[in-house]
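Since the model is a prediction, treat every value here as computed from it, not as a measurement. The analysis underlying the following values was restricted to heavy atoms, covering all of them including side chains, and did not include hydrogens, waters or symmetry mates.
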Amino acid sequence: MEATGSTNLALSVRSVPEEEPPDPQELRLDNMLLAEGVSGPEKSAAAAAAALAAATGGSSSDDSCEYADYREKLAQIRMIYHTELDKYEQACSEFTGHVMNLLREQSRTRPISPKEIESMVSIIQRKFSAIQMQLKQSTCEAVMILRSRFLDARRKRRNFSKQATELLNEYFYSHLENPYPTEETKEELAKKCSITAAQVSNWFGNKRIRYKKNIAKYQEEANMYAMRTALDASQSSSPATSNTGGYPDSCYTPDGML
DNA sequence: TCTAATGATTCGAG
DNA sequence: CTCGAATCATTAGA
């Protein structure tokens, strides 16, 4: 632990004027940490996480649960990173002070040039910045792992919200004769249900085939939605148009599906 | 813990 | 490309 590496010292002395070692690796790490919201201002963590959510494909409302988890873990990483960074910084200056004292002591027995001191300091800083680099590296790794786990969690199937299924069923059963929403309609439904258009497509694909496979099983559901849309219609537009219990026939006999 | 429901994926056809 | 169909994988309910 003694700073007696004078040969080492002389060897590694190179023109390192304070900063700007254009190390692309470190630059990369810095950028990454900044983008992930680990370094940089406090608020940007949420922004980075939001960016991640957006990058994974919309639906920013209902995944708040795994999302909070992600953010919590990210904050943890962030905290560790900063405390470690501070620790190294402190250790660095402490160690520098130590070495300075040693040099001062030695200066009583031999002449020590300012240049030697300067190079000594730069060596120490290099060593410590290497350590910090390592810290950045491992922090990056941790973030990557966390990120991939977050993505994995999202990849798992989640049932749509009750509300979303209601909306989808509503459309499906009120268009039983032709349950093929256009791309536009899919987008619209997707927006309302806070899912993706592809998910809407999946849903309709599944629904059509499963409905067709066993119409009887879905009869009750069909009646329910038919009644409800009928009720809605009678309430909103023409309450006087009788037919209180009468649903459109097409909802009962979807011959278009056979 | 077994089972039904359900969202996603894959593949052939048109 | 979309669709139907079969199938997979996970979820929710008994």
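Residues meeting the salt bridge (Lys or Arg N to Asp or Glu O under 4.0 Å) test with A:R210, sequence neighbours left out: none. Annotation: side chain to side chain donor-acceptor pair (under 3.5 Å) contacts of A:N202 (sequence neighbours excluded): none. Partners of A:E187 by salt bridge (Lys or Arg N to Asp or Glu O under 4.0 Å), not counting sequence neighbours: none found.
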Grab the N/O contacts between the protein and nucleotides 7-9 of chain C below 3.5 Å, and write none if there aren't any.
unit_1, atom_1, unit_2, atom_2, d
C:dT7, O4, A:R210, NH2, 3.4

At a cut-off of 3.5 Å, list every protein nitrogen or oxygen paired with a nitrogen or oxygen from nucleotides 10-14 of chain B, distance to 0.1 Å.
none

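Taking side-chain N and O atoms only, A:N159 has no distance below 4.0 Å to OP1 or OP2 of C:dT11. In this model, the phosphate group of B:dA8 is approached by a side-chain N or O of A:Q199 to a distance below 4.0 Å at OP1 or OP2. At the phosphate of C:dT10, neither OP1 nor OP2 sits under 4.0 Å from any side-chain N or O atom of A:R158. When the side-chain nitrogen and oxygen atoms of A:K217 are compared with OP1 and OP2 of B:dA4, none of them lie within a distance under 4.0 Å.
The separation between A:N214 atom CG and B:dA4 atom C1' is 13 Å, rounded to whole Å. Taking atom CD1 on A:I209 and atom C1' on B:dT9, their separation rounds to 15 Å, with Å as the unit. The distance from atom CG of A:N169 to atom P of B:dA5 is 14 Å, rounded to the nearest whole Å. To the nearest angstrom, C1' of C:dA5 lies 12 Å from CZ of A:R208. Residue A:K186 contributes atom NZ, which lies 12 Å from atom P of C:dC1 at whole-angstrom precision. Rounded to whole Å, atom P of C:dT10 lies 16 Å from atom CG of A:N202. Note: CZ (A:F160) to P (C:dA12) measures 13 Å, nearest angstrom. Protein atom CZ of A:F172 is 13 Å distant from nucleotide atom P of B:dT6, rounded to whole Å.
Between A:E116 and A:R110 there is a salt bridge, since a side-chain N of the basic residue sits under 4.0 Å from a carboxylate O of the acidic one. For the pair A:E221 and A:K207, the salt-bridge criterion is met [side-chain N within less than 4.0 Å of a carboxylate O].
Here the side chain of A:K212 is nearest to one of C:dG4, B:dT9, B:dG7, namely C:dG4.
In this model, no donor atom of one side chain and acceptor atom of the other lie less than 3.5 Å apart for A:R208 and A:N206.
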Considering only distance and modelled atom types, tabulate donor-acceptor pairs under 3.5 Å from the side chains of residues 85-96 of chain A, sequence neighbours left out.
unit_1, atom_1, unit_2, atom_2, d
A:K87, NZ, A:E84, OE2, 3.0
A:E89, OE1, A:Q132, NE2, 3.3
A:S93, OG, A:Q90, O, 2.9
A:T96, OG1, A:C92, O, 2.7

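Close placement of the A:F172 and A:Y211 rings is indicated, their centers lying within 6.0 Å of each other. Less than 6.0 angstrom separates the ring centroid of A:F204 from the ring centroid of A:Y171.
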